[in-house]
Enquirer: 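Sharing a structure with you now.
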Amino acid sequence: MSAPLPNFVHSQFLDHNSKMHSQPSESFVHNQTKHEQPNQSPDAAVKKFLLAFNCVLMSIGNCGGPLILRLYFIHGGNRVWLSSWLLTGGWPIILLPLVISYFQRRRTSAAGTTTEFIFIKPRLFFASAVIGLLTGLDNYLYAYGVARLPVSTSSLIIASQLAFTAGFAFLLVKQRFTSYSVNAVVLLTLGGAILALHSSGDRPAGESNREYIAGFLMTVGASVLYGFVLPLIELTYKKAKQNLTYTLVLETQFVISLFATILCTIGMLINNDFQAIPREGTEFGLGKTKYYVILALSTIIWQCFFLGAVGVIFYSSSLFSGVVIALLLPATEILAVIFFREKFQAEKGVSLALNLWGFVSYFYGEFKQSSKKKLQLPRAQGSAIQIPNV
């Protein structure tokens, strides 16, 4: 805001001086300064609310998703392509807010004007489709790992995703790091690494070393790939050449989930998963009804995660979304202790403390940066409106 102000005020001064042969009044400078001040209260409050709302959505999916997916495998489910399909199969849910948004725009639009139903342009559509295919592949890698690994071990590996997100964010979107954000990345990554200690104690019974190693490698691949996808979404926003709104973000996620689901559907067709679903439901440990309830809840919970993730990236950054994901890993551990009777070793308590420390460090750094910018802005505007003597 401060950069264009000197030229604007100076040009106003020259025009006024040439016509009136006098200096501009004090009230003129005051009015221009007031006009150039950023309107922070309404927009900033709405953005903070929407950021918090999307964090809640992502938290629901990030904590509940792995647990309900693990529940599927613990009680007899073994279809990896089906479980990967569940991660994005809830894409029709996005139609509800999109339709509500359309009728809201239609109701408030001027008479005689046409209300657009779809905002997404071909450039953004194709970019979202590519991200969707990458997400579908990531879904399969992650589901394969969850099927083979205990929650503790899979959480450890997913914790490394933050480091990959930070690295790719630096390369793709030129993410700026402060000492606080670097400290947060290190602490959150260490917090996840500590979960590796004694993680073999809840290793699935009867699983071979080959299956265990394959699950480990698949989860590493999922961590790397999604660490790339998050900054890629942010880069897509920057290169969209469209006026980005939250409605457009929802449309983008709709396309991403749709193409991810298409990829997983092809995998299910090849693997004959559709034919196996009725038989698997009949043999499911918790009963046929709960089997289908688990499948339905999985689609809803995971869609909360993906909707929250793209929303957090839109209102903040891909790095912040990675920080939130890493922070929630110990919460997932605690829930696993409650629902799956896993042991809560001291390492999990240390991991929780480190993650909270890293989260506080990140927010403290953001608070200091925000306070610094607020102090610099009035000074810059004050120096900008100084009128030279003539």
Side-chain angles (χ1 to χ4, degrees), residues 61-93 132-155 157-158 202-223 225-226 229 256-306 332 336 339-340 342:
N62 197 73
C63 293
L67 295 175
I68 197 165
L69 194 60
R70 186 64 182 157
L71 183 66
Y72 164 78
F73 287 112
I74 286 177
H75 292 283
N78 58 8
R79 316 303 295 190
V80 176
W81 276 114
L82 169 60
S83 57
S84 63
W85 186 94
L86 296 174
L87 270 66
T88 51
W91 57 267
I93 297 173
L133 295 176
L134 292 175
T135 302
L137 176 59
D138 182 76
N139 290 350
Y140 177 79
L141 296 175
Y142 177 75
Y144 190 98
V146 173
R148 302 292 186 272
L149 301 178
V151 174
S152 299
T153 306
S154 61
S155 297
I157 301 170
I158 296 301
D202 53 359
R203 176 175 170 175
E207 187 173 277
S208 66
N209 289 333
R210 183 177 179 180
E211 291 176 327
Y212 190 83
I213 293 173
F216 187 92
L217 294 177
M218 287 289 200
T219 311
V220 170
S223 180
L225 184 55
Y226 202 65
V229 165
I256 291 173
S257 295
L258 176 61
F259 276 85
T261 306
I262 290 174
L263 179 65
C264 294
T265 302
I266 295 172
M268 289 180 65
L269 290 171
I270 296 173
N271 201 45
N272 296 320
D273 280 8
F274 287 104
Q275 294 89 330
I277 289 176
R279 182 181 68 253
E280 191 174 70
T282 303
E283 300 172 354
F284 194 65
L286 297 178
K288 188 174 182 179
T289 301
K290 290 184 179 179
Y291 172 81
Y292 288 108
V293 169
I294 288 173
L295 297 187
L297 283 177
S298 293
T299 61
I300 297 172
I301 291 174
W302 278 111
Q303 198 56 230
C304 287
F305 169 78
F306 285 109
T332 306
F339 293 109
F340 297 150
E342 292 185 4

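FYI, the numbering just counts along the sequence from 1. Worth knowing before you read on, the calculation uses all heavy atoms, side chains too, and leaves out hydrogens, waters and symmetry mates.
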Enquirer: Provide the closest heavy-atom pair for Ser257 versus Gln303 in the form atom of the first, atom of the second, distance.
Expert: OG-OE1, 3.3 Å

Enquirer: Just grab all the ring pair (Phe, Tyr, Trp, His ring centres under 6.0 Å) pairs involving residues 278-298, residues at least two apart or on different chains.
Expert: Phe284-Tyr291

Enquirer: Test side-chain contact (heavy atoms from CB on, under 4.5 Å) on Ile277 and Met268; report intermediate values, then the result.
Expert: CA-CA 10 Å; Ile277 289 176; Met268 289 180 65; 4.2 Å; yes

Enquirer: Measure the CG-CE distance between Leu141 and Met218 for me, rounded to the nearest 0.5 Å.
Expert: 6.0 Å

Enquirer: Taking all non-hydrogen atoms of both residues into account, name the closest pair between Cys304 and Gly61 and its distance.
Expert: CB-N, 4.4 Å

Enquirer: With the side chain counted from C-beta on, respond yes when Leu286 and Leu71 share a heavy-atom pair under 4.5 Å apart, and no when they do not.
Expert: yes

Enquirer: For Thr299 and Trp85: C-alpha separation, side-chain torsions, deciding distance, then whether side-chain contact (heavy atoms from CB on, under 4.5 Å) applies.
Expert: CA-CA 8 Å; Thr299 61; Trp85 186 94; 4.2 Å; yes

Enquirer: How about Tyr144 and Ser84: do any of their side-chain heavy atoms sit closer than 4.5 Å?
Expert: no

Enquirer: Compile the donor-acceptor pairs under 3.5 Å between side chains in residues 73-83 and protein atoms, sequence neighbours left out, one pair per line.
Expert:
from  : atom 1 : to     : atom 2 : distance (Å)
Arg79 : NE     : Asp273 : OD1    : 3.0
Arg79 : NH2    : Asn271 : O      : 3.0
Arg79 : NH2    : Asp273 : OD1    : 2.7
Ser83 : OG     : Arg79  : O      : 3.2
Ser83 : OG     : Val80  : O      : 2.8

Enquirer: So, the side chain of Thr261 versus the backbone of Thr88: is there a donor-acceptor pair under 3.5 Å, distance only?
Expert: yes

Enquirer: Please lay out, stage by stage, how Leu295 and Tyr72 fare under the test side-chain contact (heavy atoms from CB on, under 4.5 Å).
Expert: CA-CA 8 Å; Leu295 297 187; Tyr72 164 78; 4.3 Å; yes

Enquirer: Drop me the distance from Thr265's OG1 to Phe274's CZ, to the nearest 0.5 angstrom.
Expert: 5.0 Å

Enquirer: Give me the atom names and distance for the closest heavy-atom approach of Gly136 to Leu263.
Expert: C-CD2, 3.7 Å

Enquirer: Search all heavy atoms of Ile301 against all heavy atoms of Gly64 and return the closest pair with its distance.
Expert: CG2-C, 3.7 Å

Enquirer: Taking salt bridge (Lys or Arg N to Asp or Glu O under 4.0 Å) as the cut-off, I'd like each qualifying pair that reaches into residues 257-268, sequence neighbours left out, listed once.
Expert: none

Enquirer: Looking only at heavy atoms, which two atoms of Ile68 and Ser298 are closest? And how far apart?
Expert: CG2-OG, 3.5 Å

Enquirer: Specify the closest pair of heavy atoms between Leu134 and Leu225, including all atoms of both residues, with the distance to one decimal.
Expert: O-CD2, 3.4 Å

Enquirer: Looking at Val146, is its backbone amide N or carbonyl O close enough to the side chain of Arg70 to form a donor-acceptor pair, meaning the two atoms are under 3.5 Å apart?
Expert: yes

Enquirer: Supply the atom-to-atom distance Leu133 CG to Asp138 CG, rounded to the nearest 0.5 angstrom.
Expert: 12.5 Å

Enquirer: Which residue, Leu297, Leu87, Asn139, forms the side-chain contact (heavy atoms from CB on, under 4.5 Å) with Trp302?
Expert: Leu87

